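Both counts, for ligands and for their atoms, begin at 1 and track the order of listing. Nothing here was measured: the structure is a model prediction, and the numbers come from that model.
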Amino acid sequence: MPGVARVEPITTARALRGPFDYQRPEGVGVGSVLVVPFGRQEILGVVTAIAEASEHDLVAPRRVLEQALPEDLVTLAPWIAAEYCSTPARAFSLMLPPKGVRARTALQARALREPESRERLSDAQRALLASLPRATGHDLPALRRLEARGLVAIEPHVVRRAPVHTAVGARASVEPLPLTGAQRAVLADIEAAAPGERLLLHGVTGSGKTEVYLHAAARTLDAGRTVLVLVPEIALTPQIVARFQARFGDTVAVLHSQLTPGERYDEWLRLRRGEARICVGPRSAVFAPLAGIGLIVVDEEHDASYKHEGDPRYDARHVADRRALDHGAVLVAGSATPRAESWHALRRISLPERVDGARLPPVETIDLRGIRGSIHPRTHEALVDSRKSVVLLNRRGWSNYLSCQTCGHAWECPSCDVTLVLHRASATLACHHCGHRERVPSRCVECGSVSIARHGTGTERLETELPGPVFRLDGDAGSAAAVLAAFERADRGILLGTQMVAKGHDFPDVELGVVVDADQTLRFPDFRAEERTFALVAQLAGRAGRGPRGGRVLVQTLAPDAPSIALAGRHDAATFLAGELERRRALRYPPFSTLIRIVCASERPGAAQTAASALHARLPGALGPAPLFRLRGRERSQVVVKAEDRAAAVVAVGAAVDAIAADRANRGVSLSVDVDPQ
Ligand code: ADP
Ligand code: ZN
Ligand code: ZN
């Protein structure tokens, strides 16, 4: 009796939770992935345990997939479900290699024996035998004839689908650079850290953090362990990938969403088999099937992309902490502008100066009050004087919205309560929330007037107002990698874009950074608004002045006295974060509490608000219910829980949500739970 396999079925249904028992086929263990009959369907399932006997009559799985999850991921899934009020099945679906893909194999011919001298072979056959490893598919019939005579063996072998990478960062150095004194000190701290310990590497951009990661990674490999490197989006940070690949070659596997499923599968497989021992990737790479992790790097740890927006709404930084504990790995979170949470909780190590000794560029605020247009004359002048600049405006499109000058009608999305943004190049009005698009109107739909005003400026319009060649990076214009590569090659020009331009690129010759509208993030009604503004300004400052000619940063604002802007201007993260933590302690915000946000949404008028009220009644002390703007045709209402005890709060919220969802009165209402919302 081979025993029982306990299987968690991979389904999105919340109510359906395993495990369910099946017969255990030969060779199946914890982590095996099976196709099992389930009701009338066949679905995927992960084996979470093996048992001796079951009280049920067992059926056999239909198939065993060639890939199994490592055991530590099998235990991580229920932990994620509990931390983020989700289900183990949904957590597993984040971890499995791409579906419906298998290893690619090709036939390979190998010589068997020397042909005897009397043996009759045509010249073509002799030539084929001499060039065996390079034989192609066309040669197959001829090879089969040789095989029949016992001269060659033909067998399948696995072919790797290797991802192709862009040329950005092609100057990455292959040889390790000798470290500076400050880098050596930081590396020593990392090496001396206890298993599972977390460190915050606070270092301005250009202070040599990446070089420290590379050295720490080499030491970790030498010690026989593996390395996980998390980065914000790969498209925006090709340089760090290029540097790891230049240094470590094929032992680096890259996992990200732009790979084809086949490439992703093969990279996954190389990690799972231990053929690749460093994994570099964005948020989802936190589930890489690495064994024996010794080092986890979270680069640009302040970046919002580490938070996942689908269920489970996990935070890769929090999952990385968990994996570091499970593996006894050292975790290094690096940033020039760390989060208040990390500043508070992690042991700090720092690289206070740039490697080249260059000073951080001076930051000047430019008072926009009383100025017409979006660019101050002084900013314009500085752009003309600089060879290369980076300009940040966090608004896509031409204008924010259109309104009729006769009757006041404003063009809104039919499914969301937001105004439509004008995109001139495509002659459309677009909703940036649901993707709705319509033609640009020539007259008012209400009163027929032809005088329609365009309000506000987005990147598309600003492009036409800036002096010099502009490289636009905003998700609308071309692929990010292509835009960045073109800007890198250019002699002079302006890289204009949304916050994408402030991420980890490293262009040595940028002389000027401009924040067009610093108040935009400040005005955002969120307790993290100050932190975001500080990070944006300081990060942009990090992009400028890396070259011999130095640089400067201009921050245009209507609020030149805002502390986050002033302190970012002085590159003073310590003072900013101390003040920020004091404020959060007083208001009981994270890290001094856990926030859980529950959003109820429904197409049925009033239903979301009713469900949110019922939810609120079950969660004493919760904030709300507060209406949110209508999105994709659904009314929304939210309740927020602020709790000292995270685990207890997640359990209470889970129970309340289950009760509300089970009540027939709330049919058609969807509830989504976000623990640690961003
Ligand atoms: P960060 O990750 O903090 O932005 P990097 O590691 O990218 O810093 O270093 C900034 C620049 O300095 C890079 O061009 C890098 O190659 C170079 N650099 C880093 N460390 C050294 C070193 N020890 N010696 C010489 N150059 C270095
Ligand atoms: Zn009108
Ligand atoms: Zn919409």
Visitor: Do you see a donor-acceptor pair shorter than 3.5 Å between the side chains of S449 and T406?
Guide: yes

Visitor: Can you name the atoms of ligand 1, numbered from 1 with element, that are less than 4.0 Å from a heavy atom of T205?
Guide: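 Taking each heavy atom of T205 in turn, ligand 1 has 4 (O) under 4.0 Å.
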
Visitor: Run the contact test for P178 against ligand 1 with a 4.0 Å cut-off on heavy atoms, strictly below, and give the result.
Guide: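 In this structure, P178 qualifies as a contact of ligand 1 - some heavy atom is under 4.0 Å.
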
Visitor: Say whether L351 and ligand 1 are in contact under the criterion: heavy-atom distance to a ligand atom below 4.0 Å.
Guide: no

Visitor: If you measure every N/O of T210 against every N/O of ligand 1, is any gap under 3.5 Å?
Guide: yes

Visitor: Between E309 and R283, is there a side-chain N and carboxylate O pair less than 4.0 Å apart?
Guide: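 Looking at R283 together with E309, the answer is no, because their closest N to O distance does not fall below 4.0 Å.
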
Visitor: Taking 2.8 Å as the cut-off, does an N/O/S atom of H436 lie below it from the Zn ion (ligand 3)?
Guide: no

Visitor: Ignoring hydrogens, just give me the one of R243, E300, E211, K209 whose non-hydrogen atom is nearest atom 7 (O) of ligand 1.
Guide: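 The option holding the nearest heavy atom is R243.
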
Visitor: Atom CG in N400, atom NE2 in H455: separation rounded to 0.5 Å?
Guide: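 Taking CG in N400 and NE2 in H455, the distance rounds to 9.5 Å.
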
Visitor: Any N/O/S atom, backbone or side chain, of C416 lying under 2.8 Å from the Zn ion (ligand 3)?
Guide: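 Under 2.8 Å: C416 contacts the Zn ion (ligand 3) through an N, O or S atom.
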
Visitor: Spell out, as yes or no, whether a donor-acceptor pair under 3.5 Å connects the side chain of R348 to the backbone of W343.
Guide: yes

Visitor: I190 and side chain to side chain contact (heavy atoms under 4.5 Å, CB included): which single residue from V212, L331, V297 fits?
Guide: V212

Visitor: Using heavy atoms and a threshold below 4.0 Å, how should the contact between V204 and ligand 1 be classified: side chain, backbone, both, or neither?
Guide: backbone

Visitor: Between the side chains of H215 and Q183, is a donor N or O closer than 3.5 angstrom to an acceptor N or O?
Guide: no

Visitor: Give a yes/no answer: is there an N/O/S atom of C434 under 2.8 Å from the Zn ion (ligand 3)?
Guide: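 Checking the Zn ion (ligand 3) against C434, an N, O or S atom does fall under 2.8 Å.
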
Visitor: Should L177 be counted as touching ligand 1, given the test is an N or O pair under 3.5 Å?
Guide: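 Between L177 and ligand 1 (N or O atoms, distance only) the closest approach is not under 3.5 Å.
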
Visitor: Does Q239 have a non-hydrogen atom less than 4.0 Å from ligand 1?
Guide: no

Visitor: Taking 4.0 Å as the limit for heavy-atom contacts, which would you say applies to R354 with ligand 1: side chain only, backbone only, both, or neither?
Guide: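 The answer is neither; R354 stays 4.0 Å or more away.
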
Visitor: May I ask you to decide whether R198 forms a salt bridge with D321, counting only side-chain N to carboxylate O separations under 4.0 Å?
Guide: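 D321 and R198: salt-bridged.
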
Visitor: Strictly under 2.8 Å, is any N, O or S atom of C407 next to the Zn ion (ligand 2)?
Guide: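 Of the N, O and S atoms in C407, at least one lies under 2.8 Å from the Zn ion (ligand 2), which means yes.
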
Visitor: Would you say the side-chain atoms of T457 pair up with the backbone N or O of L462, donor to acceptor, closer than 3.5 Å?
Guide: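 Side chain of T457 to backbone of L462: no pair is present.
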
Visitor: Among L577, V537, D572, whose side chain to side chain contact (heavy atoms under 4.5 Å, CB included) with L567 holds?
Guide: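 Among L577, V537, D572, the one that satisfies the side chain to side chain contact (heavy atoms under 4.5 Å, CB included) with L567 is D572.
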
